[in-house]
Amino acid sequence: MPGFTLPRTVRTTRITRAHKISAAVVASASCAAALALTAAPSNVQTTAAHAPAAVKPVSANGLPLTAKERADDGKKDQQLASSLTAGLKVTAVAKQGHAAKQAADRSADRKVIAAPKAAAPKAAPKAAPKASPKRYANNLDGWIRESLDIMKSKRIPGSYEGLHRNIMRESSGNPNAVNDWDINAINGIPSKGLLQVIQPTFNTYHVSGTPHKLTDPVANITAAANYAAHRYGSIDNVNSAY
């Protein structure tokens, strides 16, 4: 054990037994520590050197994060996760809505194909306005023309010339002319009217649609033309008393 020499400038103090024991204890402890380090395995230092150090989170400036900053980062992570989840839900709902709309469109198309829209009923054609009745002059020309129209509708032959010619010979165009001298007059059935027709002949050949009066101009002409058609083929074939 090395000896302890007190400095010369220090006042010489008597070393007691207690001092000597304390110094011996310190020296023994130092030797024990030196021996322990020498006897320790060499891989202890290697293991300690290569042991992974605990990674502590740091901020953007390289300093360790505080508890508040770590809490804020945790909230941000939760908000980001919630935002992503909500986005996924919205996307799923949008896809479902789009699919439902496409299905509805296809269903509508099928309905249109299966049941075509009925065509709107066509408006009924407007009835043609009724033709006003034809008017004829109240004279010989008008009587002949009206009689010809009735004869045509009843298919009784005759012409304007044939009627006019026989009228002028029989009555000179007087609808009230009466023959009171021939055999018919003697027999009490005188000839009357434009074409000098007796009452029995008028009754037999009267044309419906005309007045049932022997001296009516149109009734007299049409009855006489009907009689001539049955006996002579047409009034046009009559050139004398008939």
Side-chain angles (χ1 to χ4, degrees), residues 103-242:
D105 292 342
R106 288 194 296 270
S107 177
D109 292 340
R110 285 194 295 271
K111 288 181 180 179
V112 170
I113 294 172
K117 186 178 180 180
K122 293 183 179 180
K126 294 183 179 180
K130 293 183 178 180
S132 58
K134 189 175 181 179
R135 296 181 178 275
Y136 302 93
N138 189 26
N139 54 29
L140 181 59
D141 179 73
W143 300 331
I144 293 174
R145 292 184 185 281
E146 185 176 356
S147 297
L148 285 171
D149 287 342
I150 294 172
M151 290 164 57
K152 183 179 180 180
S153 66
K154 303 294 182 179
R155 297 185 178 181
I156 299 172
S159 65
Y160 186 98
E161 187 277 330
L163 292 174
H164 187 269
R165 173 168 44 84
N166 282 282
I167 289 171
M168 294 307 293
R169 186 189 69 249
E170 294 291 332
S171 65
S172 300
N174 180 7
N176 296 314
V178 178
N179 185 332
D180 56 2
W181 55 267
D182 64 2
I183 188 62
N184 292 319
I186 295 172
N187 293 329
I189 48 173
S191 301
K192 296 180 180 181
L194 291 174
L195 283 170
Q196 292 294 285
V197 181
I198 61 176
Q199 190 67 48
T201 301
F202 179 83
N203 293 340
T204 301
Y205 295 99
H206 171 260
V207 177
S208 61
T210 62
H212 206 284
K213 181 180 179 181
L214 179 59
T215 56
D216 180 84
V218 175
N220 187 278
I221 293 172
T222 55
N226 192 23
Y227 164 76
H230 281 84
R231 186 167 183 178
Y232 305 106
S234 172
I235 190 71
D236 294 346
N237 298 329
V238 177
N239 294 297
S240 62
Y242 60 104

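Quantities reported herein were computed from a predicted structural model and do not represent experimental measurements.
Taking OG1 from T222 and CE from M151, the interatomic distance works out to 8.0 Å, rounded to the nearest 0.5 Å. With rounding to the nearest 0.5 angstrom, the CG atom of N226 is 10.5 Å from the CD1 atom of I235. Within the model, atoms CG of N166 and CD of Q196 stand 12.0 Å from one another, a figure rounded to the nearest 0.5 Å. Taken from NZ in K192 to OG1 in T215, the straight-line distance is 7.5 Å, to the nearest 0.5 Å. The distance from atom CG of L194 to atom CG of N176, rounded to the nearest 0.5 Å, is 8.5 Å.
K154 pairs by the side chain to side chain contact (heavy atoms under 4.5 Å, CB included) definition with I150, I156, V207, S208, not counting sequence neighbours. Remark: Y232 engages no residue in a side chain to side chain donor-acceptor pair (under 3.5 Å) (not counting sequence neighbours). Evaluation of the ring-ring contact (aromatic ring centres under 6.0 Å, His included) rule for H164 yields no partner, not counting sequence neighbours. Evaluation of the salt bridge (charged side-chain N to carboxylate O under 4.0 Å, His left out) rule for R169 yields no partner, not counting sequence neighbours.
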Requested in this report: Quick one: do R165 and N239 satisfy side chain to side chain contact (heavy atoms under 4.5 Å, CB included)? Show the steps, please.
Outcome: CA-CA 8 Å; R165 173 168 44 84; N239 294 297; 2.6 Å; yes

Report task. Please lay out, stage by stage, how E170 and N179 fare under the test side chain to side chain contact (heavy atoms under 4.5 Å, CB included). Result -> CA-CA 10 Å; E170 294 291 332; N179 185 332; over 6 Å; no

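Minimum heavy-atom separation, G173 to W143: O-CZ3, 4.3 Å. The two residues A224 and L195 make their nearest non-hydrogen contact at CB-CD1, 3.4 Å.
Side chain of S234 to main chain of N237: no donor-acceptor pair is present (N/O by atom type, distance under 3.5 Å, no hydrogens or angles). In this structure, the side chain of T210 does not engage the main chain of A219 through any donor-acceptor pair within 3.5 Å.
Sorted by first and then second residue, the ring pair (Phe, Tyr, Trp, His ring centres under 6.0 Å) pairs involving residues 182-217 (not counting sequence neighbours) are F202-H206, F202-H212, Y205-Y227, Y205-H230, H206-H212.
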Taking only distance into account, with no hydrogens and no angle test, what donor-acceptor pairs under 3.5 Å do side-chain atoms of residues 183-191 form with protein atoms, sequence neighbours excluded?
unit_1: N187; atom_1: ND2; unit_2: I183; atom_2: O; d: 3.2

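A donor and an acceptor atom, one from each side chain of D149 and Y136, are located under 3.5 Å apart.
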